[in-house]
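Quick note on labels: first sequence line is chain A, next is B, and so on, each numbered from 1.
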There are 2 protein chains.
Amino acid sequence: MTPQPSARERLLDAAEDLAALQGMTSTPVDEILGRARVSPATLYAHFGNKEGLVVEALKRRLARWDSTWQECVDEAVAPEEKLLAVFTALARHRTSLTPSRWCVFLGASAETPAPGNDLADTLASDTRLLVDRLEALSAAYLQGAPAKVLADRITLVYTGVLGMILRGSDAEAAIADGRATAALVIRALAGGDHAESASRP
Amino acid sequence: MTPQPSARERLLDAAEDLAALQGMTSTPVDEILGRARVSPATLYAHFGNKEGLVVEALKRRLARWDSTWQECVDEAVAPEEKLLAVFTALARHRTSLTPSRWCVFLGASAETPAPGNDLADTLASDTRLLVDRLEALSAAYLQGAPAKVLADRITLVYTGVLGMILRGSDAEAAIADGRATAALVIRALAGGDHAESASRP
DNA sequence: GTCTATACAAAGATAGAC
DNA sequence: GTCTATCTTTGTATAGAC
């Protein structure tokens with residue numbers, strides 16, 4: 001017999017699953033409690049309130065995303081492939097964990113016009129991780145200021161993939177489109193910056 | 001004294017403004033009523049329920065976006081510029097109407113895991129308008145199957161811009177990044193043509 | 001640490017008068 | 001068509017026992 005996880009763990013699992021599937025605000029506390037088979041008092045004893053629980057669940061999920069992504073970066077050899085690994089990681093992330101409707105972090109952000117400090121920090125961490133790691137990988141690939149530009153643009157494309165999934169696109173197709181687009185951006189910024197100058201209005 | 005708009009109009013205005021600023025689910029009916037200075041019974045007499053009101057407000061906003069975008073397409077001359085006009089339109093749209101946190105349609109979608117039929121249709125209309133118009137403009141620019149691919153990729157980039165705004169990016173910067181990225185995608189799929197070769201057979 | 005039972009607040013919707 | 005007043009449901013959180 002597998003020993004039953006603690007009430008705390010069950011609550012985190014349930015909160016993560018339901019936030020991923022339905023969104024955090026859309027999920028009532030009762031549903032989390034029912035799924036975790038835990039009583040209300042236990043939740044509030046451990047996490048203070050609903051947002052406290054969600055924040056902990058999001059932090060845990062971000063850590064898992066972080067390590068999945070890092071694995072994919074490590075598996076890649078060429079610098080360009082290391083940059084594109086974020087798309088491989090997204091596909092792997094989506095199949096290894098509870099499937100999310102699009103992105104738990106963007107979803108929580110969209111649902112919460114006025115997040116508390118802890119929640120806001122956690123949501124910002126997701127964006128910061130994206131931009132910072134992409135910038136570090138870019139810097140290894142091309143020198144100077146363009147690294148930040150490249151990181152921002154890949155983040156934009158990556159975010160577009162997530163948004164397309166929210167729009168109802170097939171996830172695999174959206175990821176492939178994003179990857180192809182990002183590859184274009186990488187080559188354009190690495191091969192010379194003439195390609196973007198004509199695009200300004 | 002400007003004649004006061006009807007209660008129905010005031011309700012639509014209030015619902016649109018608040019959905020744009022805070023999101024639809026996050027905004028209680030009472031707040032809409034307060035802003036519109038209308039009583040509850042009037043709302044339900046006109047729209048049946050909250051979702052009915054929101055759907056009408058979204059339809060009206062979609063029609064305005066549609067015409068703003070079409071104007072920008074018409075103002076552009078070269079086919080590539082017509083494709084990129086969606087970014088010009090986004091900037092114009094955002095300054096001409098009540099500023100929205102990111103995108104009213106994606107926001108409503110993110111907030112509503114199980115939308116009613118009318119709402120789902122309205123939200124899908126937004127995506128359909130994007131993909132269809134971009135595909136039509138693409139077809140005028142390059143022949144054959146790639147038109148659908150190009151439309152999908154520009155939609156992805158455009159959606160990425162909206163997501164970056166949700167992430168907290170400066171809107172102007174995100175739009176410029178998206179436009180540059182889209183220009184890259186267009187040229188790559190057009191077969192390496194430059195902007196000057198606008199007159200193709 | 002965890003449970004049962006319950007309090008308290010917010011939100012959506014309706015009744016009936018004018 | 002619009003208002004005032006109210007009802008119902010749902011959701012968050014707490015009290016007190018084990």
>> For a 4.0 angstrom threshold against heavy atoms of chain B, report the outermost contacting nucleotides of DNA chain D in 5' to 3' order.
In response: dT2(D) to dA5(D)

Can you pull the salt bridge (Lys or Arg N to Asp or Glu O under 4.0 Å) pairs that have at least one residue in [range], sequence neighbours excluded?
range                       : value
residues 22-37 of chain A   : Asp17(A)-Arg35(A)
residues 154-178 of chain A : Arg167(A)-Asp126(B), Asp177(A)-Arg153(B)
residues 92-118 of chain A  : Glu71(A)-Arg92(A), Glu75(A)-Arg92(A)

> For His93(B), what residues pass the ring-ring contact (aromatic ring centres under 6.0 Å, His included) criterion, not counting sequence neighbours?
Replying inline: Trp65(B)

>> Assess whether a salt bridge exists between Glu16(B) and Lys59(B), defined as any Lys/Arg side-chain N lying under 4.0 Å from an Asp/Glu carboxylate O.
In response: no

> Can Arg8(A) and Thr42(A) be counted as having a side-chain donor-acceptor contact under 3.5 angstrom?
Replying inline: no

>> Could you check whether Asp74(B) and Gln70(B), counting side-chain N and O atoms only, form a donor-acceptor pair closer than 3.5 Å?
In response: yes

> Which letters describe nucleotides 9-14 of chain C, given B = protein heavy atom under 4.0 Å from base, S = only from sugar-phosphate, - = neither?
Replying inline: --SSBB

